[in-house]
Amino acid sequence: MGGRKSVAGGGPATLKSQAICVSSMPSLIDTFTAAGQGHVFAHLDRLPETARQRLLSEAAEIDLAEIDRLVKSLVNASSPATVDLRDLTPAPYVSRPEHGGDRSAWEKARAVGEQALRAGRVAAFTVAGGQGTRLGYDGPKGTFAVTPITRKSLFQVFAEKIRSAGRRYGRPIHWFIMTSHQNHEATESFFKENHSFGLDAGHVHFFRQGRMPAVDFNGRILLAEQDAIAMSPDGHGGSLRALERSGALDLMKSEGVDVISYFQVDNPLVRCIDPAFVGWHLLSNSEMSSKMVPKAYAGEKVGHFCMQRGRLVVVEYSDLPVAMQQEVDPGTQRLRYLAGSIAIHMLDREFVRRMASGTDTALPFHRADKKIPCVDAAGNPVRPAKPNGVKFEMFVFDALPFARNPVVIETRREDDFSPVKNAEGIDSPKTCRDDQLRQFARWFKAAGIALPVDASGLPTFALEISPLFADDEGSFAAAWARLAPKPELREGLCLA
Ligand code: UTP
């Protein structure tokens with residue numbers, strides 16, 4: 001497990017591996033057999049010693065009681081679990097000043113956030129353990145090139161934003177990156193090869209998330225190979241227990257960090273470190289805070305922030321009836337369920353610990369039916385054409401109902417959200433590149449320079465602004481004013 005960091009003043013600190021204890025072979029096999037999962041070892045006798053050990057060590061990772069519970073509740077249940085939609089109302093949120101929010105309250109929040117950043121209380125946290133199947137890119141998604149001219153990777157964009165914030169607030173910012181078993185080594189190597197993109201390697205911390213076995217529709221654990229269980233990452237919600245198990249929370253504590261700025265690896269527009277968001281989180285005494293954008297249209301495929309019996313919940317678009325998605329508020333004439341979730345959160349460190357350790361605060365698992373390559377009882381490979389099994393995943397937003405004082409604040413989509421999810425179409429490399437270009441053009445415009453743009457605000461030539469040059473409108477105006485001589489505004493302009 002990745003530990004290449006040292007802690008200022010406290011000597012080297014290494015994040016822990018998830019403990020895997022290989023119990024003695026007969027008792028492990030007996031336990032699996034008693035649980036109806038003995039077929040996992042069907043090919044054991046034919047395997048060479050190293051392969052046997054690997055299979056046994058994977059098996060030892062599995063919590064059979066948990067699998068049994070999930071199979072009973074999610075796989076064998078006579079009718080599929082339905083989402084409780086009773087008593088839902090739209091969740092309140094803090095509006096931006098241009099939508100009626102209190103400007104002085106936003107300014108106060110920003111000042112409070114800046115103070116916390118200057119005190120070194122905030123860490124960045126990226127969940128990068130996903131499989132990225134929709135993008136179809138071979139490699140950790142964070143290594144995918146996204147910027148228009150210099151083709152910086154997602155990880156480099158975040159690194160530069162975090163470096164820039166560290167410089168601004170006079171404190172280097174710790175960055176925690178959650179990987180998966182599949183992409184951990186490749187992620188670490190990428191950072192090593194690129195000298196952590198100018199960050200102090202001692203402030204960049206990698207840890208693997210947990211994984212879960214996939215099962216067939218009868219609840220039997222699937223084998224990916226004769227010597228390997230079909231394991232997959234346990235969802236972004238697995239980040240809470242992985243933060244605890246890896247020792248990341250302890251490291252944060254020893255470094256004086258109590259606010260965790262959570263974002264996904266696929267969104268280069270995200271403000272990794274947003275002082276106003278930190279401030280709203282702290283001023284609200286919130287354990288888990290969220291950013292919302294007003295939905296672009298009724299059927300947009302985002303989660304909806306709702307209240308349910310006094311608790312904040314996110315209801316996925318697939319679970320909210322179309323009629324509710326389309327409901328219009330008679331007062332504002334806007335969608336009633338307007339607040340869309342963009343998976344950007346602020347987490348209180350000790351809230352994460354509580355969520356990770358408590359049984360009554362455990363996140364639920366969700367069922368996803370997938371095509372899972374596997375081997376059959378005779379050990380022959382099966383490449384299914386349709387879903388043949390179930391993966392279990394946790395979602396981070398399921399922690400919201402457990403959080404004290406969860407606050408939701410509005411953000412401008414064009415300043416915080418343009419994910420790369422699909423190879424083509426919406427949320428693709430092309431839409432993300434265009435959104436970056438539009439943002440650069442808006443910054444120029446705010447500084448008094450009108451770049452030639454089309455009706456959608458897209459500049460007619462490609463350019464790039466490094467987060468080290470500027471990371472928002474205000475810092476751009478200041479950096480541009482200092483620049484002498486001014487460069488020519490033309491195709492390929494790079495401000496670094
Ligand atoms: P997505 O829901 O987009 O899933 O993840 P994905 O696995 O990356 O992509 P597809 O669905 O296979 O195409 C949203 C964010 O959550 C992280 C991803 O890395 C991404 O930042 N994630 C997802 C994890 O860290 N672990 C997981 O188990 C799942």
Side-chain angles (χ1 to χ4, degrees), residues 2 18 61 70 124-144 146 153-155 157-158 175-184 186-188 190 205-214 230-243 245-246 248 260-270 272 290-291 301-303 314 316-318 340-345 347 352 356 363-373 387 390-399 416-429 431-432:
Q18 297 209 0
E61 236 180 272
L70 294 175
F125 176 37
T126 310
V127 285
Q131 294 175 304
T133 38
R134 282 170 289 172
L135 183 61
Y137 167 67
D138 187 19
K141 207 172 187 179
T143 66
F144 187 75
V146 279
S153 63
L154 286 152
F155 279 136
V157 173
F158 303 138
W175 184 15
F176 292 81
I177 299 172
M178 184 177 81
T179 62
S180 66
H181 284 256
Q182 284 98 321
N183 70 21
H184 185 83
T187 303
E188 276 206 318
F190 187 67
H205 316 279
F206 304 91
F207 60 93
R208 288 182 180 86
Q209 71 177 106
R211 48 187 187 167
M212 293 289 284
M231 299 283 240
S232 53
D234 59 1
H236 41 68
S239 60
L240 303 184
R241 58 190 196 183
L243 277 165
R245 287 175 184 174
S246 64
I260 305 169
S261 179
Y262 169 107
F263 54 91
Q264 302 192 333
V265 76
D266 52 23
N267 176 20
L269 242 57
V270 66
C272 309
S290 312
K291 282 189 176 174
K301 293 182 174 178
V302 289
V314 168
E316 290 203 88
Y317 70 92
S318 46
S341 173
I342 50 172
I344 302 175
H345 301 284
L347 295 159
V352 175
L363 294 188
F365 275 94
H366 298 259
R367 164 188 178 152
D369 293 6
K370 301 269 180 180
K371 289 183 249 178
I372 302 163
V390 174
K391 288 185 179 180
F392 301 113
E393 287 197 355
M394 289 177 279
F395 300 154
V396 77
F397 54 73
D398 279 331
D416 244 328
F417 189 58
S418 184
V420 178
K421 296 274 186 202
N422 307 305
E424 282 172 2
I426 56 162
D427 296 341
S428 63
T431 56
C432 181

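Keep in mind it's a predicted model, so treat the numbers as computed, not measured. Both ligands and their constituent atoms are indexed starting at 1 by order of listing.
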### Task
Kindly give the heavy-atom pair with the smallest separation between Gly340 and Val302, and that separation in Å.
CA-CG2, 3.8 Å
### Query
How are the rings of Phe190 and Phe155 set to each other: parallel, tilted or perpendicular (split at 30° and 60°)?
tilted
### Message
Under the rule for side chain to side chain donor-acceptor pair (under 3.5 Å), what residues qualify as partners of Thr187, not counting sequence neighbours?
### Response
none
### Query
Near ligand 1, which protein residues have a heavy atom under 4.0 Å away?
Val127, Ala128, Gly129, Gly130, Gln131, Gly132, Thr133, Arg134, Met178, Gln209, Pro233, Gly235, His236, Gln264, Val265, Asp266, Lys421
### Message
Once side chain to side chain donor-acceptor pair (under 3.5 Å) is applied, do any residues pair with Asn267, and if so which ones, sequence neighbours excluded?
### Response
none
#### Entry: Heavy atoms of other groups near Gln131 CD, more than 12 under 6.0 Å
yes
### Query
Who pairs with Asp416 by side chain to side chain donor-acceptor pair (under 3.5 Å), at least two apart in sequence or on another chain?
Arg271, Lys291, Thr411
